[in-house]
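All values below come from the heavy atoms of this structure, side chains included, with hydrogens, waters and symmetry mates left out. Start at 1 and go down the list; that is how both ligands and their atoms are numbered.
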Amino acid sequence: MALVDIQVPDIGDFDEVTVIELLVKPGDTVTAEQSLITVESDKASMEIPSSHAGVVKELRVKLDDKVKQGSVVLTLEVAGAQAAAPAAAAAPAPASASDASTVPAAASASAQTAPVSAAAASPAPVAAPAAASGPVEVRVPDIGDFKDVVVIEVMVKPGDAIKAEQSLITVESDKASMEIPSSAAGVLKELKVKLGDTVNIGDLLAILEGSTAAAVSSSAATPAASAAPAPSASSASAGSVASAAPASVTASAASAPAAAAPAPAQPAHQPTATPPVGLPHASPSVRKFARELGVPLVELKGTGLKGRITLDDVQGFTKAVMAGDTRTQAQVAKTPAPAPAASGTGVGLDLLPWPKVDFAKFGPVERQPLARIKKISGANLHRNWVMIPHVCNHDDADITDLEAFRVQMNKENEKSGVKITMLAFLIKASVAALKKFPNFNASLDGDQLVLKQYFNIAFAADTPNGLVVPVIKDADKKGIVQISQEMGELAKKARDGKLSPAEMSGACFTISSLGGIGGRYFTPIINAPEVAILGVCKSRVEPVWDGKAFQPRLMQPMSLSWDHRVIDGAAAARFNAYLGQILADFRRIML
Ligand code: CAO
């Protein structure tokens with residue numbers, strides 16, 4: 001065993017950065033390339049990986065410390081042979097760990113004991129600006145070993161007056177995020193990227209008009225570029241930017257990032273400045289984790305240093321949502337929709353990247369922002385679909401007599417103003433079935449089943465802005481007329497967008513009725529943390545064999561989706577059969 005000091009490797013022209021996250025503690029076993037701490041300037045945050053595998057003996061930094069290249073992060077106890085031969089991937093995160101093979105020896109050396117000299121690490125100064133008057137293309141500069149980074153924030157819009165070196169977008173890999181500044185000043189004529197796009201060095205970001213190329217100095221270096229020399233593509237990139245900063249940039253491109261290199265670290269006296277507007281204060285790995293879970297970071301209040309969102313905050317939020325915490329759901333309401341696997345990593349489920357199609361290639365298109373409700377319900381439905389093992393049983397209920405009764409009731413109560421629809425009977429019948437099969441009136445909490453002794457039934461309501469799910473509380477204690485009345489009121493509030501969080505929370509079981517529209521069967525998505533949902537479609541008269549002849553009967557199609565972690569197929573079939581019996585002869589509800 002030997003003790004090895006793990007140092008901050010060459011982090012380019014970042015002078016001093018702040019430790020904003022400790023990812024390991026004494027006693028932890030770490031692997032080579034595992035992230036140890038997260039550091040941040042005002043423009044970028046990155047994780048510092050370990051150059052060795054071993055056990056953390058002593059942490060040599062604490063939160064809020066300022067560190068720079070060569071600062072000792074921690075002391076690691078490593079096996080003898082390892083101490084002599086560290087992993088080659090000790091470059092900081094911008095040269096992402098997975099790209100370790102492309103990280104040059106200088107970078108890994110710097111991570112061990114001897115930081116690379118500033119002269120070797122820093123890009124050559126780039127000459128003074130050149131003026132340009134026509135449209136100027138702004139491209140992704142040399143961003144070191146980053147590949148396919150995701151645009152997570154767009155900070156400007158067409159028509160904006162842009163200053164040279166003003167940040168245009170924020171990009172993120174799994175280990176670092178950084179802002180990409182403009183290489184020129186001018187008016188933004190066209191933005192060529194949007195949220196969720198993946199970009200690479202040389203990609204066209206924007207077109208400016210009336211531009212002047214940025215003054216470039218060695219201080220504008222990319223954090224990655226100095227740790228990893230510009231890949232060959234950089235010359236292409238610089239060449240493309242050349243209209244903004246021609247000869248001098250091109251000439252230095254082989255060894256230096258172009259004018260538009262990602263923003264440098266802020267001066268040491270403001271190291272923990274608040275993040276750019278709209279960008280949650282969280283490290284790349286936390287953001288990535290949140291994205292995988294569909295957690296809207298903008299809604300989280302960070303408990304970390306200076307309000308930073310930590311891994312625990314994301315986990316806490318997820319647990320609260322799963323437990324039906326209304327406060328959290330209300331927060332979710334304000335969030336933008338999570339980009340559909342935009343990062344293309346498919347991490348977690350290991351999915352293929354989301355297809356990226358330029359639809360306009362095939363015909364005219366129009367883009368519309370998703371309505372607020374759609375964003376909320378979309379995020380929830382996606383989580384539920386992915387996390388719950390759904391099975392769906394279809395069945396039919398003979399509602400001939402019940403429908404006749406319903407029509408008669410409505411005739412008798414015409415003046416009351418309360419219209420009774422089949423849904424009210426379905427709610428009441430569901431309560432009876434939930435009483436008979438208590439596992440359906442339950443929620444999973446870890447390895448415990450929470451059996452509810454109250455009967456709150458939610459119903460999906462279609463509104464112009466999307467789907468909402470109001471709840472009839474204590475449906476077991478209410479009659480059909482009262483349920484119908486409440487349903488009418490809640491449905492109206494839903495359509496007017498006036499439902500309160502309280503009116504949408506506390507449900508035990510949900511019914512999604514498409515009876516007023518049509519269809520036969522469908523597979524509704526369970527409304528977590530409930531364990532089942534009943535979908536019904538439009539009833540229709542069908543020939544039903546009574547043993548002697550076919551009889552015309554009004555049949556109600558029912559689709560019950562259930563969580564197979566809690567419910568078995570036999571129980572689901574019994575539930576549906578019982579529901580069918582009650583609907584066929586509502587007197588049974590009294591038994
Ligand atoms: N079979 C046949 N007809 C039915 C029926 C059924 N199962 N259920 C309702 N109907 C009839 C009603 O009797 C009514 O007929 P009349 O206009 O002749 O009186 C008509 O369909 C319209 O009913 P309704 O939809 O206004 O009332 P409801 O109580 O059935 O439903 C509500 C209320 C708010 C649930 C409903 O309007 C709604 O929004 N449904 C859509 C739910 C949804 O989108 N689910 C999908 C979720 S998954 O994406």
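No side-chain donor-acceptor contact under 3.5 Å links His382 to the backbone of Trp385. Proximity of a side-chain donor or acceptor of Asp197 to a complementary backbone N or O of Lys194 within less than 3.5 Å is detected. With hydrogens and angles disregarded, a donor-acceptor distance shorter than 3.5 Å links the side chain of Asp313 to the backbone of Thr303.
Under a 4.0 Å criterion applied to the non-hydrogen atoms of Gln556, ligand 1 contributes the atoms 6 (C), 7 (N). Distances below 4.0 Å separate heavy atoms of Met487 from the following atoms of ligand 1: 29 (O). Every atom of ligand 1 with a heavy atom of Ser539 under 4.0 Å away is listed here by number and element: 1 (N), 2 (C), 6 (C). Within the listing of ligand 1, atoms 1 (N), 2 (C) sit less than 4.0 angstrom from a heavy atom of Lys538.
Between Glu489 and Lys492, none of the side-chain N atoms (NZ, or NE/NH1/NH2) sits under 4.0 Å from a carboxylate O, so this pair counts as no salt bridge. Taking the charged nitrogens against the carboxylate oxygens, Lys478 and Asp474 have no contact shorter than 4.0 Å, which rules out a salt bridge. Here Glu190 does not pair with Lys157 in a salt bridge; the nearest charged N to carboxylate O distance is not below 4.0 Å. For the pair Glu542 and Arg553, the salt-bridge criterion is not met [side-chain N within less than 4.0 Å of a carboxylate O].
Residue contact annotation: Ala461 has a non-hydrogen atom under 4.0 Å from ligand 1. Using a 4.0 angstrom heavy-atom cutoff, Cys537 counts as in contact with ligand 1. Look at Lys419 and you'll find a heavy atom under 4.0 Å from some atom of ligand 1. Proximity of Val536 to ligand 1 is not established, as no heavy-atom distance is less than 4.0 Å. Contact between Glu403 and ligand 1 is absent, with no heavy atom of the residue lying under 4.0 Å from the ligand.
Nearest-residue assignment for atom 22 (C) of ligand 1 (options Gly535, Ser484, Ala397, Gly516; heavy-atom criterion): Gly516. Between the choices Leu381, Thr421, Ile399, the shortest heavy-atom distance to atom 30 (O) of ligand 1 belongs to Thr421. With distances taken over non-hydrogen atoms, the option nearest atom 32 (C) of ligand 1 out of Ala460, Ala424, Pro470 is Ala460. Here atom 42 (C) of ligand 1 lies nearest to Ser513 when heavy atoms of Gly515, Ser512, Ser513 are compared.
The distance between the ring centers of Phe586 and Phe425 falls below 6.0 angstrom.
Donor-acceptor pairing under 3.5 Å is recorded for the side chains of Thr400 and Asp398. Side-chain atoms of Asn527 and Asn384 form no donor-acceptor pair, as typed in the model, at a separation below 3.5 Å. Side-chain contact, Glu530 with Thr510: a donor N or O sits under 3.5 Å from an acceptor N or O. Using a 3.5 Å distance cut-off with no hydrogens or angles, the side chains of Ser539 and Gln556 do not pair a donor with an acceptor.
In terms of polar-atom proximity, defined here as any N/O pair under 3.5 Å, Phe522 makes no such contact with ligand 1.
Residue contacts with ligand 1, taken as heavy atom pairs separated by less than 4.0 Å, involve Leu514 solely via side-chain atoms from C-beta onward. Heavy atoms of Arg406 found under 4.0 angstrom from ligand 1 belong exclusively to the side chain.
The presence of a protein heavy atom under 4.0 Å from atom 47 (C) of ligand 1 is confirmed. Within 4.0 Å of atom 37 (O) of ligand 1, not a single protein heavy atom is present. For atom 24 (P) of ligand 1, no protein heavy-atom neighbour is found at a distance under 4.0 Å. Within a 4.0 Å radius of atom 18 (O) of ligand 1, the protein contributes no heavy atom.
Residue, atom and distance of the protein heavy atom nearest to atom 49 (O) of ligand 1 are Leu467 CD2, 3.9 Å. Atom 31 (O) of ligand 1 has Leu423 CD2, 3.9 Å as its closest protein atom, hydrogens excluded (heavy atom only). Nearest protein neighbour of atom 39 (O) of ligand 1, counting heavy atoms only, is Asp462 N, 2.8 Å.
Because its NZ or CZ atom is not both nearer than 6.0 Å to the ring centre of Phe575 and within 45° of the ring axis, Lys436 does not count as a cation-pi partner of that residue.
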Q: Mind running side-chain hydrogen bond (donor to acceptor under 3.5 Å, both in side chains) on Tyr521 and Asp396 for me, showing each step along the way?
A: CA-CA 10 Å; Tyr521 305 96; Asp396 296 311; 2.6 Å; yes
